[in-house]
Number of protein chains: 2
Amino acid sequence: MTSQESRRTEILRASAALFARQGVASTTVRQIAAEVGMLSGSLFHHFPSKDAIVNEIVTDYLAVLLRSYREVMTRDLSARGRLEALITASLRIAEADPHSTMIYQNEMSYIRDLPQYEAVRDAAVEVQGTWLAVIGAGRDDGTFRKDIEPGVFYRLIRDAVWLAVRWYRPDGSYTVDRLAADCASVFLDGYAAFDDD
Amino acid sequence: MTSQESRRTEILRASAALFARQGVASTTVRQIAAEVGMLSGSLFHHFPSKDAIVNEIVTDYLAVLLRSYREVMTRDLSARGRLEALITASLRIAEADPHSTMIYQNEMSYIRDLPQYEAVRDAAVEVQGTWLAVIGAGRDDGTFRKDIEPGVFYRLIRDAVWLAVRWYRPDGSYTVDRLAADCASVFLDGYAAFDDD
DNA sequence: GTCTATAAGCTGATAGAC
DNA sequence: GTCTATCAGCTTATAGAC
């Protein structure tokens with residue numbers, strides 16, 4: 001079992017890297033097989049289809065993401081603290097698994113046509129619900145503005161945060177936690193100079 | 001000439017819609033041909049290759065975008081006014097041509113491999129340069145914060161603005177200009193409630 | 001668990017009739 | 001300018017030897 005599991009994991013890892021770099025549709029099973037040192041036919045001993053590989057990458061990814069969001073929601077935090085925690089959690093996951101993050105962000109049209117899309121959709125609904133619950137709570141207690149639709153704010157911050165996976169590269173002098181802090185500060189306080197500057 | 005031009009335009013429009021919806025790699029020349037009511041072989045009377053269609057869509061799109069950005073830069077505006085104008089111009093273009101916008105935002109890995117990528121890259125450099133010049137000017141004159149890297153702020157606002165094309169749908173009660181105003185307000189003033197609320 | 005060999009179908013693109 | 005017919009190559013996936 002152990003060697004089979006590790007071979008499966010190797011395939012998932014290599015596939016995710018290729019899918020992220022050149023897109024799922026443009027990646028062939030021959031490329032994946034070559035990357036792990038086998039021929040394409042042998043891949044089908046480990047996975048029933050190419051789509052099954054995509055599905056497992058996305059499903060595993062969303063499970064990790066949801067576990068992290070749920071943990072944030074158990075903490076005793078203010079609305080602002082929660083929003084900052086969601087940003088930090090998201091960016092840490094993007095840093096830890098950039099390939100899966102890119103696949104999930106860039107290949108929704110491919111994912112939507114997978115046979116097991118239902119489970120993905122359920123997870124996506126919970127992810128979105130988490131953000132909206134935090135934004136709604138802050139709006140209700142006066143922390144956040146009421147003149148901007150929560151749905152609009154959610155989409156702005158979601159896209160800015162998740163697409164950081166396209167450009168952010170871990171760097172000793174600019175850590176992911178620093179990026180998260182900057183991100184939270186821009187979205188909550190704004191980029192305009194403070195009055196006391 | 002006129003009928004040939006309009007046929008070319010039909011093909012470009014149908015291709016852009018398909019490319020935006022299902023991705024370039026997953027769209028076949030047979031689908032494009034069927035959409036405009038011809039057989040796939042006939043397409044090659046109008047374009048030498050599928051990639052030539054992609055290239056023309058992206059090149060035309062960037063030409064329109066650059067013309068709009070250049071016009072903004074001729075206006076007499078403050079740094080904040082310029083940034084707002086860039087956001088408005090971008091969102092209006094995304095509204096007017098959502099398919100090309102989505103292709104440019106989602107298919108960079110495909111575009112990067114096109115033979116005529118040089119021209120695209122040159123335009124992309126000018127686009128980024130415009131945003132960074134406006135941000136830099138506002139930073140120098142004290143309008144914008146100095147404790148956050150301009151490059152970080154640029155990427156956050158770029159991704160939030162351009163990915164609106166994925167979710168924004170024109171609506172009488174929420175116009176693109178209103179979205180632009182909300183976007184500018186969130187990024188410059190922040191989503192935290194104002195003190196005088 | 002991997003390889004060989006191959007099926008069955010789709011892909012972008014071409015040549016020539018009309 | 002479009003259609004017919006087709007090519008050569010590539011795709012995912014399968015069956016059976018080792």
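Residue numbers begin at 1 in each chain, while the letters A, B, ... track the order of the sequences.
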Do the charged groups of D159(B) and R158(A) touch, with an N to O distance under 4.0 Å?
no
Taking side chain as C-beta onward, heavy atoms only, is R8(B) less than 4.5 Å from F47(B)?
yes
Considering heavy-atom distances to DNA chain C, does R30(A) or G37(A) have its closest nucleotide positioned more toward the 5' end?
G37(A)
What is the distance, rounded to the nearest whole Å, between atom CD1 of I32(B) and atom C1' of dA13(C)?
13 Å
Starting from P on dA13(D), measure out to CZ on F47(A) and report it in whole angstrom.
13 Å
Check this for me, if you would: do E71(B) and R67(B) make a salt bridge, where the nitrogen-to-carboxylate-oxygen distance has to be below 4.0 angstrom?
no
Please pick, from dT11(D), dT2(C), dA13(C), the nucleotide with the shortest atom-to-atom distance to any side-chain atom of K50(B).
dA13(C)
To the nearest Å, how far apart are N55(B) CG and dG12(C) P?
17 Å
Would you mind telling me which of dT2(D), dG1(C), dA13(D) lies closest to the side-chain atoms of H46(A)?
dG1(C)
Quick one: which of dA13(C), dT12(D), dC3(D) gets closest to the side chain of F44(A)?
dT12(D)
Rounded distance [0.5 Å steps], CD1 in I32(B) versus OG in S40(B):
10.0 Å
What integer distance in Å separates R8(B):CZ from dT2(D):P?
13 Å
Need to verify one output field. Residue with the more 5' nearest nucleotide on DNA chain C, G41(A) or A25(B)?
G41(A)
Which one, dA13(D), dG12(C), dC3(D), comes nearest to the side chain of M38(B)?
dC3(D)
Please give, in whole Å, the distance from dT6(C) P to L39(A) CG?
15 Å
Identify whether the distance between the nearest side-chain nitrogen and carboxylate oxygen of E95(A) and R92(A) falls below 4.0 Å.
no
Of the listed nucleotides (dC3(C), dA13(D), dG1(D)), which one gets closest to any side-chain atom of S42(A)?
dC3(C)
Regarding the side chain of H45(A), the nearest nucleotide among dA13(D), dC3(C), dG1(C) is dG1(C)
Nearest-Å distance, CD (Q22(B)) to C1' (dT11(C))?
14 Å
Does R7(A) make a side-chain donor-acceptor contact with the base of dG1(C), cut-off 3.5 Å?
no
At under 4.0 Å between heavy atoms, what does T27(A) touch on the DNA or RNA strands: base, sugar-phosphate, or nothing?
sugar-phosphate
Could you tell me the separation between the CD1 atom of I53(B) and the C1' atom of dG12(C), rounded to a whole number of Å?
11 Å
Whole angstrom value for the distance that separates P of dT11(C) from CD of Q31(B)
7 Å
